[in-house]
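Input: a single structure, listed below in structure tokens.
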Amino acid sequence: MDEKKSGEGVVLTEAQKRARRSRSIAIALSLLALVILFYVMTLVKGPAVLVRPI
Amino acid sequence: MSLISEGANVGGPMQGGARLVEPGLYEAGIHEPSSAEVGDYIALLKPRVMSLVVFTALVGLAVAPGSIHPVEAFTALLCIAVGAGASGALNMWFDADIDALMTRTQRRPVPAGRVRPGEALAFGLTLSAFAVVVLGLLVNILSAALLAFTIFFYAVIYTMWLKRSTPQNIVIGGAAGAFPPMIGWAAVTGSLSLEPLLLFAIIFFWTPPHFWALAIYKKSDYGRAGVPMLPNVAGDTHTRLQILLYTLVLVPLGIAPWLLGYASVLYGAVAAVTGAAMVLLAVQVYREASPADRACRHLFAFSILYLFLLYAVLLVDRGWGGLLAGVAA
């Protein structure tokens, strides 16, 4: 790692910035998928979505 | 490939529970910003193990009586897959010290330094929580509870306790790999019965002969890291006898779904023929002159095909059960 530190804090390398960006996108897509999943399941189950059988 | 682990397990006598390598040795760059790529996190999920888990869960889900909406079935499988992946991440977090000693596991994200142990732990815990909660909210409580227990069993009972303390580690720990079809069944029915227990038992008794065959011909590799696998502790001869005995229990269990009327003659025939081949290979393992590597390799390879065939035929045989009914509805 070519991490550079300055008095203003940690400065990310380009590789670290790219990795962080790809991780952020993956997290965003995962959360979006979760929202869509809950939305679709609500449509599928209707009011029964509130019923949680054993 | 085992449902328990993807080969992270390593063997050899070792005092129970001791860590072999100081965590600092594989926590390179702990003060640096993370450089972990998305692919590193995917690797933490052990995708190959996850695919087997999904397949066996799918069979449990498909053969269960009753119907389930395809979206609900997809959700159940997704949660089971994520839960299995989370278990893998927790396993890699805890086993990073012994993974670092093995040539075939030292390139994994944690021992290679691409993902920090803390990141792997947080990733595993977060995914575990999401998988269990979503399954409980969108499918049913019983399947969520079984998934939570499976993750706990694999990460805590097997990885943290049994694996480093007893040569019976993969026998008892094999239960973790045997639960997915029960979870799939519970997702459809909200209950359990004899049939999912049979599916559980087949994988449970399949695991020792499958895994010990690998452990014999990889003994030197396993011995490097010091987990008490049976061949390292009790020797090859005893292990080969155990392989034969477990196979003799496994084969009737494999045929049992047909004997009990849960499956057709087709399944019974496939289970009988492939079961006979399993016994034959296990006898060869038992009788072949030491080190019996060739026979063990044959048994290991065929055992994967055996389990896959049993479950695949069951899947087809039962006409996809609730899945098709759900689509028709």
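Source: prediction; values computed, not measured.
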Checklist entry - Is the number of heavy atoms from other residues, nucleotides or ligands under 6.0 Å of B:Phe130 CZ greater than 12? => result no
Item to check | Residue B:Leu137 versus chain A: region with a heavy atom under 4.5 Å | outcome: both
Item to check | Contacts of residues 21-31 of chain A with chain B (heavy atom under 4.5 Å) | outcome: A:Ser22, A:Arg23, A:Ala26
Next on the checklist: Just verifying a value: how many Å separate B:Cys79 SG and A:Leu37 CG, rounded to the nearest 0.5 Å?
Outcome noted: 7.0 Å
Checklist entry - After noting the C-alpha distance and the side-chain angles of B:Thr75 and A:Val40, does the key distance pass the side chain to side chain contact (heavy atoms under 4.5 Å, CB included) rule? => result CA-CA 10 Å; B:Thr75 303; A:Val40 171; over 6 Å; no
Checklist entry - Is there side-chain contact between A:Val44 and B:Glu72, with at least one heavy-atom pair below 4.5 Å? => result no
Next on the checklist: Holding to side chain to side chain donor-acceptor pair (under 3.5 Å), I want the full list of residues that pass it with B:Thr150, two or more places apart in sequence or in another chain.
Outcome noted: none
Checklist entry - Can you list every ring pair (Phe, Tyr, Trp, His ring centres under 6.0 Å) pair that touches residues 175-196 of chain B, not counting sequence neighbours? => result B:Phe149-B:Phe179, B:Phe179-B:Phe200
Next on the checklist: B:Glu37: which residues meet the side chain to side chain donor-acceptor pair (under 3.5 Å) condition with it, sequence neighbours left out?
Outcome noted: none
Next on the checklist: Looking at A:Lys45 and B:Leu138, would you say the former's side chain and the latter's main chain have a donor-acceptor pair under 3.5 Å?
Outcome noted: yes
Item to check | Shortest non-hydrogen separation from A:Gln16 to B:Pro33 and the atoms involved | outcome: NE2-O, 3.5 Å
Next on the checklist: On a heavy-atom basis, which atom in A:Ala19 and which in B:Ala36 lie closest, and how many Å separate them?
Outcome noted: CB-O, 3.7 Å
